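Taking it in order: structure first as structure tokens, then the write-up.
Index from 1, following the sequence. What you see is a predicted model, and the numbers here were worked out from it, not measured in a lab.
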Amino acid sequence: MKNCLNAFIETIQNAKSIAIAGHKNPDGDSLASVLALARLIELNYNKVPLCVYDGNIPDCLDNIPDRKKIQYFAHVDARQSVDCMILVDYGTEKNLGGVASMVSESKLVYEIDHHKNDSPIGIVCLNNNTAAAVGEILYDLMRQMNWKYDSDVLDLLAVSILTDTGNFKYARSGKSLKVMADLVDMGVCIENISNALNNKSKKTVLMEAAVASQAEFLFGGRLALAVIGKKEYKNLDGRGDTVLNLLGQIKGIEYIVLLKQQKEKQIGVSLRSRTKPIEHIAVALGGGGHMYAAGAVIYDTLDNARSMVLDLFKGEK
């Protein structure tokens with residue numbers, strides 16, 4: 001790891017152009033990690049990386065620091081290669097979307113991730129799949145390298161950790177809590193960040209609440225399944241966290257499944273579990289994620305996607 005870190009720093013020091021990106025349809029960890037790393041590089045190496053994304057960014061992330069500094073990839077000349085492309089929180093190559101075209105043109109590719117990936121893209125990988133979020137890895141790098149930081153960096157790291165742990169609901173070790181304690185001691189106000197993230201439209205919240213109220217309860221009430229149809233999907237902001245959280249509060253529920261009809265034959269699948277691993281089901285559907293929070297996209301009809309998901313749950317206890 002020390003050799004990898006040295007190579008990473010040397011490349012940043014020598015690079016004339018740097019780009020940073022995360023996975024398609026950025027969530028809090030992906031977006032905040034991109035922006036935090038860009039700000040750290042700017043503060044410590046006097047270089048301004050190009051931050052890019054593909055897909056849609058949820059409105060609830062509009063108020064995080066430096067939000068306006070990330071650009072949609074199609075608005076950037078993808079034919080112009082950069083000296084160094086850094087991928088954060090991307091999972092696997094198929095999750096990059098259109099950003100993959102920039103990766104293929106880049107001279108050097110590095111990655112910082114906390115997802116398990118058997119086929120990494122980067123020539124140097126500063127990965128740690130035991131970390132709760134990429135923000136946790138960046139915090140360790142910041143401390144290890146004695147990098148300068150400002151309040152925006154600290155707030156972005158906090159956003160990364162808070163959102164990817166579901167406000168620590170999915171934290172499986174004390175490390176993320178310790179990092180957050182340090183960030184609070186360094187000036188982060190969790191209340192302010194939480195208020196900034198409460199930024200969904202009324203249409204979205206009411207739609208998600210209605211979807212949760214129409215959920216099915218299967219396998220003896222252990223699995224809750226909800227569906228956001230194509231008509232309602234236009235009002236979705238992010239992954240449907242309100243639906244997942246509401247259903248997850250019901251006594252006796254172990255698994256929560258949310259099917260989102262993005263297109264006629266494109267169904268987004270969000271999976272959550274209280275205590276039992278669920279990532280293997282997402283992998284079987286062609287996706288991935290974390291042990292208790294994962295997802296996938298099924299390119300089939302909504303009915304067929306529902307059947308596929310339920311078939312996989314039949315063997316679960």
Side-chain angles (χ1 to χ4, degrees), residues 23-27 30 54-56 58 89-97 100 115-119 129 164 166 169-170 207-250 252-317:
H23 61 70
K24 186 177 179 179
N25 298 321
D27 57 8
S30 181
D54 186 15
N56 299 300
D89 194 44
Y90 79 102
T92 61
E93 187 172 6
K94 66 183 177 182
N95 294 333
L96 291 171
H115 294 95
K116 184 179 179 181
N117 183 1
D118 295 328
S119 301
N129 61 15
D164 234 35
K169 180 178 179 180
Y170 304 115
M207 180 274 292
E208 289 186 315
V211 166
S213 72
Q214 298 166 22
E216 298 178 77
F217 300 93
L218 308 165
F219 302 120
R222 293 182 296 107
L223 185 148
L225 185 146
V227 176
I228 294 178
K230 196 166 115 178
K231 183 178 178 181
E232 293 80 15
Y233 183 74
K234 65 182 180 181
N235 291 324
L236 184 66
D237 182 37
R239 295 174 293 185
D241 288 337
T242 299
V243 178
L244 296 165
N245 291 336
L246 283 172
L247 295 176
Q249 295 179 45
I250 298 174
I253 293 293
E254 175 61 46
Y255 305 105
I256 306 102
V257 176
L258 177 61
L259 302 180
K260 298 161 286 188
Q261 189 174 28
Q262 300 161 346
K263 298 179 182 177
E264 195 63 38
K265 288 190 175 183
Q266 180 176 315
I267 313 301
V269 184
S270 293
L271 305 171
R272 298 292 185 271
S273 172
R274 282 188 174 178
T275 62
K276 298 180 180 180
I278 204 170
E279 183 183 8
H280 63 287
I281 291 180
V283 171
L285 295 170
H290 307 291
M291 189 174 292
Y292 303 96
V297 176
I298 300 174
Y299 295 93
D300 207 329
T301 65
L302 182 58
D303 286 342
N304 287 345
R306 179 183 179 279
S307 296
M308 291 169 63
V309 172
L310 293 183
D311 282 345
L312 290 169
F313 271 102
K314 285 180 179 177
E316 300 298 315
K317 295 181 179 181

Donor-acceptor pair, side chain of [X] and main chain of [Y], under 3.5 angstrom:
X	Y	value
Asp54	Lys24	no
Glu254	Thr275	yes
Asn25	Asn56	yes

[Y] and [X], any side-chain heavy atoms less than 4.5 Å apart:
X	Y	answer
Lys276	Glu316	no
Leu223	Ile253	no
Arg222	Tyr255	yes
Asp27	Asp89	yes
Tyr233	Gln262	yes
Asp311	Lys314	yes
Leu310	Leu225	yes

Looking only at heavy atoms, what is the nearest atom pair of [X] and [Y], with distance?
X	Y	answer
Gly91	Asn117	O-ND2, 2.9 Å
Ala210	Ser213	O-OG, 2.6 Å
Asn245	Gln249	O-CG, 3.2 Å
Ala294	Gly288	CB-O, 3.3 Å
Leu247	Ala215	CD2-CB, 3.8 Å
Leu271	Ala282	CD1-N, 3.8 Å

Mind checking whether Phe219 and Phe313 have ring centres under 6.0 Å apart? no
Is there a donor in the side chain of His115 and an acceptor in the side chain of Glu279, or the other way round, less than 3.5 Å apart? no
Mind checking the [atom1]-[atom2] spacing from [X] to [Y]? Nearest 0.5 Å is all I need.
X	Y	atom1	atom2	result
Leu258	Ile228	CG	CD1	4.5 Å
Thr301	Lys265	OG1	NZ	7.0 Å
Lys260	Leu236	NZ	CG	6.5 Å
Leu285	Ile298	CG	CD1	4.5 Å
Ile278	Arg272	CD1	CZ	8.5 Å
Asp241	Glu208	CG	CD	7.0 Å

Assess whether a salt bridge exists between Arg306 and Asp303, defined as any Lys/Arg side-chain N lying under 4.0 Å from an Asp/Glu carboxylate O. no
Taking everything shown except Glu93 itself, do over 12 heavy atoms lie less than 6.0 Å from its CD? no
